[in-house]
Asker: 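So that we are looking at the same thing, I have put the structure below in structure tokens.
Every chain is numbered from 1, with letters handed out A, B, ... down the list of sequences.
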Number of protein chains: 2
Amino acid sequence: MDFIRQVLDRVGDKWSLLVIAALEAGPLRYTDLQRHVPGISQRMLTLTVRQLQQDGLVTRTAYAEVPPRVEYALTSLGRSLHHIVTSLITWVADHHGQIREHRAHTATRP
Amino acid sequence: MDFIRQVLDRVGDKWSLLVIAALEAGPLRYTDLQRHVPGISQRMLTLTVRQLQQDGLVTRTAYAEVPPRVEYALTSLGRSLHHIVTSLITWVADHHGQIREHRAHTATRP
DNA sequence: CAGCATCCGCTGGGATACTG
DNA sequence: CAGTATCCCAGCGGATGCTG
């Protein structure tokens, strides 16, 4: 049961999810990826893609050009996860209204 | 797009996911819940259920008895999310083998 | 039983500046 | 452009002890 936690820590990570979602449409290079995931810092983007790469969810392809170009893309494994990520994001989009309501209701009451 | 992050922070939280998964089968009381989520501390369990409650994903029902009894259950909103959580956990169970392989391959190479 | 309170170490993660 | 390196702090989260 703890291997689930191991992977959930990775997969359930907000940045990972958003990066995967961003790569849904197709490969992106570093800067574009950063644009597609608003709020992510350079550090976190680098760490996140590295993790995802180590887990075999994304590929990193560096082109020996000037200027340098690096493209990140989902692997088939990554794509199989993407379906779930989409469901999750859709769910959030559908229900975040209700959630905000509830939050307002139960707001930090002394 | 940042409201997604707001909710993903909650929903993508490992403990939240595991608590929701634990409540799938039916209501649980505090101690039972803790047993169903191995590794969670009292503090984190309390905080997590409180968050989930504030977001309207779970209900907390206290029975004025001796000894005290408190039961946590998913709301309909929580159940609608649970479907996705199940998919996610199923996916993890299905693919964690591949992921472990990849991790071994790409292990921290100097 | 179901928690709240407190102390505290650890690290996630932002800001900034520098390289190939 | 695509990162790496460093500093630094907030807050996550564990351990322990106490209450209703």
Asker: For R69(B) and dG3(C), give me the distance from atom CZ to atom P, rounded to whole Å.
Answerer: 13 Å

Asker: Indicate, with a heavy-atom threshold strictly under 4.0 Å, whether Y72(A) touches base, sugar-phosphate, or nothing.
Answerer: sugar-phosphate

Asker: Report the distance from atom CD of Q42(B) to atom C1' of dC18(D), rounded to the nearest whole Å.
Answerer: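 So the CD-C1' distance, Q42(B) to dC18(D), works out to 11 Å.
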
Asker: What are the two closest heavy atoms between P68(A) and R29(A), and how far apart are they?
Answerer: O-NH2, 3.5 Å

Asker: Which heavy atom of V85(B) sits nearest to which heavy atom of A21(B), and what is that distance?
Answerer: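 Reported closest heavy-atom pair: CG1-CB, 4.2 Å.
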
Asker: Expressed in angstrom and rounded to an integer, what is the separation of L18(A) atom CG from dG13(C) atom C1'?
Answerer: 15 Å

Asker: If you compare every side-chain N and O of R50(B) against the phosphate oxygens of dC4(C) (OP1, OP2), does one of them come in below 4.0 Å?
Answerer: yes

Asker: Return the value, rounded to whole Å, for the distance between atom CG of L28(B) and atom P of dG3(C).
Answerer: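 For the pair L28(B) CG and dG3(C) P, the rounded distance is 13 Å.
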
Asker: Minimum heavy-atom separation for T75(A) to G56(A), with atom names?
Answerer: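 Closest approach of T75(A) to G56(A), heavy atoms only: OG1-O, 2.7 Å.
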
Asker: To the nearest Å, how far apart are E71(A) CD and dG3(D) P?
Answerer: 12 Å

Asker: dC10(C) P sits how many Å from R43(B) CZ, rounded?
Answerer: 16 Å

Asker: Taking OP1 and OP2 of dG3(D), is either one under 4.0 Å from a side-chain nitrogen or oxygen of R60(A)?
Answerer: yes

Asker: Please report, rounded to the nearest Å, how far the P atom of dT16(C) is from the CE atom of M44(A).
Answerer: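 From M44(A) CE to dT16(C) P: 16 Å.
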
Asker: Could you tell me whether the phosphate oxygens of dA2(D), OP1 or OP2, come under 4.0 Å of any side-chain nitrogen or oxygen in T31(A)?
Answerer: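 Yes, because at least one side-chain N or O of T31(A) sits under 4.0 Å from OP1 or OP2 of dA2(D).
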
Asker: Would you name the heavy atoms of R79(A) and L74(A) that are closest together and state the gap between them?
Answerer: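 In this case the closest contact between R79(A) and L74(A) is NH1-O, 3.1 Å.
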
Asker: Just the rounded figure in Å: distance from P of dA5(C) to CG of L45(B).
Answerer: 16 Å

Asker: Nearest to the T46(B) side chain among dG14(C), dC1(C), dG3(C), which nucleotide is it?
Answerer: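 Of the candidates, dG3(C) comes closest.
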
